[in-house]
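Structure, as structure tokens:
Letters A, B, ... are given to chains in the order of the sequence lines, protein chains preceding strands, and every chain is numbered from 1.
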Protein chains: 2
Amino acid sequence: MVETTNSDIYTILKERVLSGQYNIKMRLPTEDALIEEFNVSRYAIRKAIKQLVNEGLVYSVKGKGVVVLEQTPQTKEINLSLAKINGLQSLNSDQKIDRKTIIADFQQIIVDEKLHQKTSFSVGVPVYAIKRVRRINTKNAVLDINYFNAQIVPEITPEIASGSIYDYIKKDLQMKIAVVKRQLRIEHATQIDYEHLNLGINNCVGNMVSFAFNDDGKQFEYTESHFIPDNFIFNQIIKF
Amino acid sequence: MVETTNSDIYTILKERVLSGQYNIKMRLPTEDALIEEFNVSRYAIRKAIKQLVNEGLVYSVKGKGVVVLEQTPQTKEINLSLAKINGLQSLNSDQKIDRKTIIADFQQIIVDEKLHQKTSFSVGVPVYAIKRVRRINTKNAVLDINYFNAQIVPEITPEIASGSIYDYIKKDLQMKIAVVKRQLRIEHATQIDYEHLNLGINNCVGNMVSFAFNDDGKQFEYTESHFIPDNFIFNQIIKF
DNA sequence: GAGTGGTCTAGACCACGGT
DNA sequence: CCGTGGTCTAGACCACTCC
């Protein structure tokens with residue numbers, strides 16, 4: 001007897017949707033039909049479909065069925081990036097770009113009132129303050145300004161920072177990263193942006209502000225990533 | 001006997017988390033404890049907790065419990081906006097700003113090859129092409145460039161466009177909006193941006209590109225919303 | 001080993017869509 | 001009216017965390 005688990009069903013259904021197998025009436029088979037085909041419970045089927053919904057491939061309508069959304073080259077790109085986020089792949093600031101990292105600044109400092117307002121770390125907490133430039137295709141494309149709570153993420157070195165701090169956190173410190181909350185905005189370029197980034201004729205940067213939490217619920221990181229305009233692209237799906 | 005449904009449980013738990021009632025050990029009660037308290041099945045409890053997870057208020061860890069994430073003024077803002085997206089409230093381009101809408105252009109045209117590449121509408125399809133300026137606090141803050149498939153969304157008039165096209169779609173046409181896929185990016189300002197927006201010293205705009213689908217899975221809209229830098233703010237949560 | 005959340009099953013009833 | 005997905009219950013087993 002072959003084991004067919006929820007994750008397998010998801011993979012199979014996804015493949016069928018992408019290959020256009022369900023395009024005839026723009027519908028998936030009913031849940032009952034899928035239960036029979038895979039010989040599993042309704043729970044497993046619904047879970048697999050929910051995952052497809054989250055990726056923006058299909059949409060469930062009560063009383064009607066599961067509708068397949070039109071696929072075009074333009075929207076496929078968005079689907080792809082969202083599959084990565086909801087799946088295991090992380091496109092975190094630390095590992096999405098591994099071309100070349102240049103450390104522009106590395107200090108250990110104590111949080112003062114002003115830094116508290118920005119980072120939401122408590123006043124008096126020791127933090128690592130790191131500035132790194134990401135070089136992509138011979139362009140300085142991203143400036144990362146990191147603050148790590150040194151009580152939670154201790155003993156960061158410039159060597160670690162020149163690689164992946166997230167790898168260090170996960171593999172060496174055995175700490176679990178739970179959630180990253182982000183805000184995306186556009187800001188007028190500052191002195192430091194002009195110094196480190198190849199802005200060209202542009203006078204603005206994309207700013208991705210991140211607050212990262214571990215599985216104890218504690219915030220261990222505050223980061224600003226300043227992007228040059230060309231490299232700032234984010235995708236999202238709104239469900240109604 | 002009082003009915004306690006999943007949605008009520010969510011509301012109650014959320015209130016407790018926000019009021020800091022579960023902050024003592026940074027944990028929620030176990031699922032079994034909540035099942036007893038509310039006298040419902042595990043399904044209902046898990047569904048309510050899942051909603052809190054999606055809003056970034058808590059995080060479930062297998063074998064450990066449901067952890068409450070640290071709340072700071074800076075991150076509360078992000079939580080709020082995500083509660084709206086995942087809930088019913090829509091902050092769609094059409095209705096989040098109702099200060100003042102100025103119609104800059106209104107035409108009905110046929111999709112050619114170039115427009116097809118951009119919008120992913122098929123060549124030959126008739127579309128409404130509309131440009132509208134959103135004025136906020138005496139500033140021209142957003143330029144909306146809409147293309148609606150006229151076969152799916154017929155008979156748009158300048159009068160409708162000066163109000164809310166989404167209201168027209170939902171209330172008058174009785175069409176269901178299923179999904180909106182978006183891409184956020186930064187672009188160098190073009191001639192048309194300078195004409196219609198109060199860019200000030202900035203020479204870039206935030207571009208929110210939207211593809212909207214109805215519950216038949218058909219794309220009925222392509223929109224570019226050009227934001228002046230101050231008004232371009234988006235939030236997101238990444239779960240690991 | 002005890003306790004926790006994650007997965008899964010089997011079944012019931014409800015709400016909505018289309019005929 | 002029938003067929004569909006949405007909600008909910010009751011119970012089982014597994015995987016992980018922590019003592």
Exercise. So which one's nearest nucleotide on DNA chain D is more toward 5', A:D216 or B:I45?
Worked result: B:I45
Problem set entry | For B:Y222, side-chain hydrogen bond (donor to acceptor under 3.5 Å, both in side chains) partners two or more places apart | B:E224
Problem set entry | Test item: A:V111 and A:I109 side chains (from C-beta on) under 4.5 Å apart, heavy atoms | no
For this session: Please tell me which of A:D215 and B:Y43 maps to the more 5' nucleotide of DNA chain D, matching each residue to the nucleotide holding its nearest heavy atom.
Result: B:Y43
Exercise. How long is the line joining CD1 of A:I35 and P of D:dG3, in whole Å?
Worked result: 15 Å
Problem set entry | Test salt bridge (charged side-chain N to carboxylate O under 4.0 Å, His left out) applied to B:D215 and A:K64, A:K62, A:R27, the passing residue | A:K64
For this session: Please state how far atom OH in B:Y10 lies from atom C1' in D:dC8, giving the value in whole angstrom units.
Result: 20 Å
Exercise. Just checking A:K50: base, sugar-phosphate only, or nothing, at a heavy-atom cut-off of under 4.0 Å?
Worked result: nothing
Exercise. Which nucleotide sits closest to the side chain of A:T30: C:dG17, C:dT7, D:dG5?
Worked result: D:dG5
Seminar exercise, completed: Between NZ of B:K62 and P of D:dC13 the distance, given in whole Å, is 17 Å
Exercise. Which nucleotide, D:dG5, C:dG5, D:dT7, lies nearest any side-chain atom of B:K47?
Worked result: D:dT7
Seminar exercise, completed: Picking from C:dG6, C:dC8, D:dG5, the nucleotide nearest the side-chain atoms of B:E31 would be C:dG6
Exercise. Is there a donor and acceptor pair, one atom on the side chain of B:R46 and one on the base of C:dT7, closer than 3.5 Å?
Worked result: no
Problem set entry | d(CZ, B:R27; P, D:dT17) in whole Å | 12 Å
For this session: Select from A:S41 and B:K176 the residue whose nearest nucleotide in DNA chain C is closer to the 5' end of that strand.
Result: A:S41
For this session: Using a cut-off of 6.0 Å, state whether more than 12 heavy atoms not belonging to A:Q108 lie near its atom CD.
Result: yes
Exercise. To the nearest angstrom, how far is A:R42 atom CZ from C:dT7 atom C1'?
Worked result: 17 Å
Exercise. Which pairs count as salt bridge (charged side-chain N to carboxylate O under 4.0 Å, His left out) when at least one residue sits in residues 65-82 of chain B, sequence neighbours excluded?
Worked result: none
Exercise. Considering only side-chain heavy atoms of B:A44, which listed nucleotide, C:dA15, D:dT9, C:dG5, is closest?
Worked result: D:dT9
Problem set entry | Whole angstrom value for the distance that separates C1' of C:dT9 from CD1 of A:I9 | 13 Å
Problem set entry | Any B:K64 side-chain nitrogen or oxygen under 4.0 Å from OP1 or OP2 of D:dC18 | yes
For this session: Take atom CD1 of B:I49 and atom C1' of C:dT7, then tell me their distance rounded to the nearest Å.
Result: 16 Å
Problem set entry | Gap between atoms OH and P, on A:Y59 and D:dT4 respectively (whole Å) | 19 Å
